[in-house]
Each structure stands twice: as C-alpha cells, then as structure tokens.
Amino acid sequence: MGVSLARAALSGLCPRCGAKTLFAAPAGLAEECASCGLDFLTLERGGRFVGVLTMLLALVLIFAALGVDEWLRPPLWASLAFWAPVTVGTVIGALRLYKTIWIYHSYQGSEE
C-alpha cells in the first residue's frame, strides 16, 4: 500500500485493507480491523518503548515551555491555556505515529 505513515497515523488506516480501523481510542489500538479482521494486538510488540518516547517528548516540551516563558513572560493562565492542549495533542500524535510505524513494520515483516 503506497500510503505515507503520517497519513496512516492520522487516519488510523489498517495496513492490510486501508480501512480507518487501526485505533479504537485517540492513541489506543483496536484489537482487530473491523473490515478485514487483521489482529493488531499480535502485531504490536513495541509497547515497552512507549514510555521512553513519552519521556523524551515531555523533556522537549518542558524545554520549549521554559524557553517561551523566558522569552515572552506570559501570565500563568496563558501558559496553561496554550501548553495544555499542545502537550496533549503532541503526545497523542506522537503515540499514534509510533504505533502506526510499529504495526506497519510488523505487518510487512509477517507478510514476507
């Protein structure tokens, strides 16, 4: 399938049939594809590295927040109003991309 990993992560595309069934929650995998029956949980074996990814992402976001605070000196409410949704969106997006990459890589390996 010639779809980019970013598009597959955003849309939650199944690696076998391309249906939008990869995720059951914002960053949680579905058990299987509702369209073709591909078992996603057997393909996902990289869950132990999700914590490392989240910690590295948190470190980057903390340094970005400290830099913006030092540069602009916004009030606390403005910082919270900006960084809360940015943090949630970034973590969910990164987890979706990581899990999609892992599933697609595992699927291609099991296909051969």
Side-chain angles (χ1 to χ4, degrees):
M1 185 176 282
V3 65
S4 73
L5 288 174
R7 181 170 174 250
L10 287 174
S11 299
L13 303 178
C14 172
R16 182 189 290 164
C17 69
K20 295 182 178 185
T21 58
L22 187 59
F23 292 99
L29 286 174
E31 290 184 20
E32 66 180 22
C33 178
S35 183
C36 69
L38 178 64
D39 187 7
F40 298 135
L41 296 182
T42 59
L43 294 174
E44 196 240 346
R45 296 186 185 112
R48 62 180 166 233
F49 298 113
V50 171
V52 174
L53 172 72
T54 305
M55 291 298 190
L56 290 173
L57 194 55
L59 188 63
V60 168
L61 288 170
I62 288 169
F63 281 122
L66 289 173
V68 167
D69 186 58
E70 182 65 30
W71 182 46
L72 296 176
R73 302 248 184 231
L76 181 60
W77 65 268
S79 291
L80 289 174
F82 177 75
W83 287 108
V86 166
T87 301
V88 170
T90 303
V91 169
I92 288 174
L95 289 175
R96 284 179 72 102
L97 183 62
Y98 173 78
K99 289 180 178 187
T100 300
I101 290 170
W102 195 266
I103 292 290
Y104 272 62
H105 176 71
S106 296
Y107 178 72
Q108 289 172 352
S110 69
E111 202 177 46
E112 296 170 356

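Keep in mind it's a predicted model, so treat the numbers as computed, not measured.
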Worksheet, complete the sentence: Cluster membership besides Trp77, Ile/Leu/Val/Met/Phe/Trp/Tyr side chains within less than 4.5 angstrom, sorted by chain and number, is none
Discussion item. Are Leu76 and Val68 linked, directly or through intermediate hydrophobic residues, by side-chain heavy-atom contacts shorter than 4.5 Å (ILVMFWY only)?
Written reply: no
Worksheet item: Ile92 and Pro26: which non-hydrogen atoms are nearest, and at how many Å?
Response: CG2-O, 3.7 Å
Discussion item. Taking the side chain as everything from C-beta on, heavy atoms only, tell me whether Tyr104 gets closer than 4.5 Å to Leu13.
Written reply: yes
Worksheet entry | Leu72 with Trp83, same ILVMFWY side-chain cluster at under 4.5 Å | yes
Worksheet item: Rounded to the nearest 0.5 Å, what separation is found between the CG atom of Leu61 and the OG1 atom of Thr87?
Response: 5.0 Å
Practice prompt. Could you check if a side-chain atom of Ser35 sits within less than 4.5 angstrom of a side-chain atom of Cys14, using non-hydrogen atoms only?
Written response: no
Discussion item. Taking Leu10 as the starting point, is it possible to reach Leu95 by hopping between hydrophobic residues whose side chains are less than 4.5 Å apart?
Written reply: no
Worksheet entry | Heavy-atom side-chain contact between Leu29 and Leu43 under 4.5 Å | no
Worksheet item: Applying the 4.5 Å side-chain criterion to the ILVMFWY set and letting contacts propagate, would Leu53 and Val60 be lumped into a single cluster?
Response: no
Item to complete: Work out which heavy atom in Glu31 is nearest to a heavy atom in Asp39; give both atom names and the distance.
Response: O-OD1, 3.0 Å
Worksheet, complete the sentence: Value for CE (Met55) from CD1 (Ile62), rounded to nearest 0.5 Å, stands at 9.5 Å
Worksheet item: Quick one: are Ile103 and Pro15 in side-chain contact, heavy atoms under 4.5 Å?
Response: yes
Worksheet item: Hey, is the main chain of Tyr107 close enough, under 3.5 Å, to the side chain of Ser110 for a donor-acceptor pair?
Response: yes
Fill in: ILVMFWY network linking Leu66 to Val86, side-chain heavy atoms under 4.5 angstrom
no
Worksheet item: In Å and rounded to the nearest 0.5 Å, what is the OG1 to CG distance from Thr100 to Leu22?
Response: 5.0 Å
Worksheet entry | OH-CD distance between Tyr98 and Glu44, expressed to the nearest 0.5 angstrom | 8.0 Å
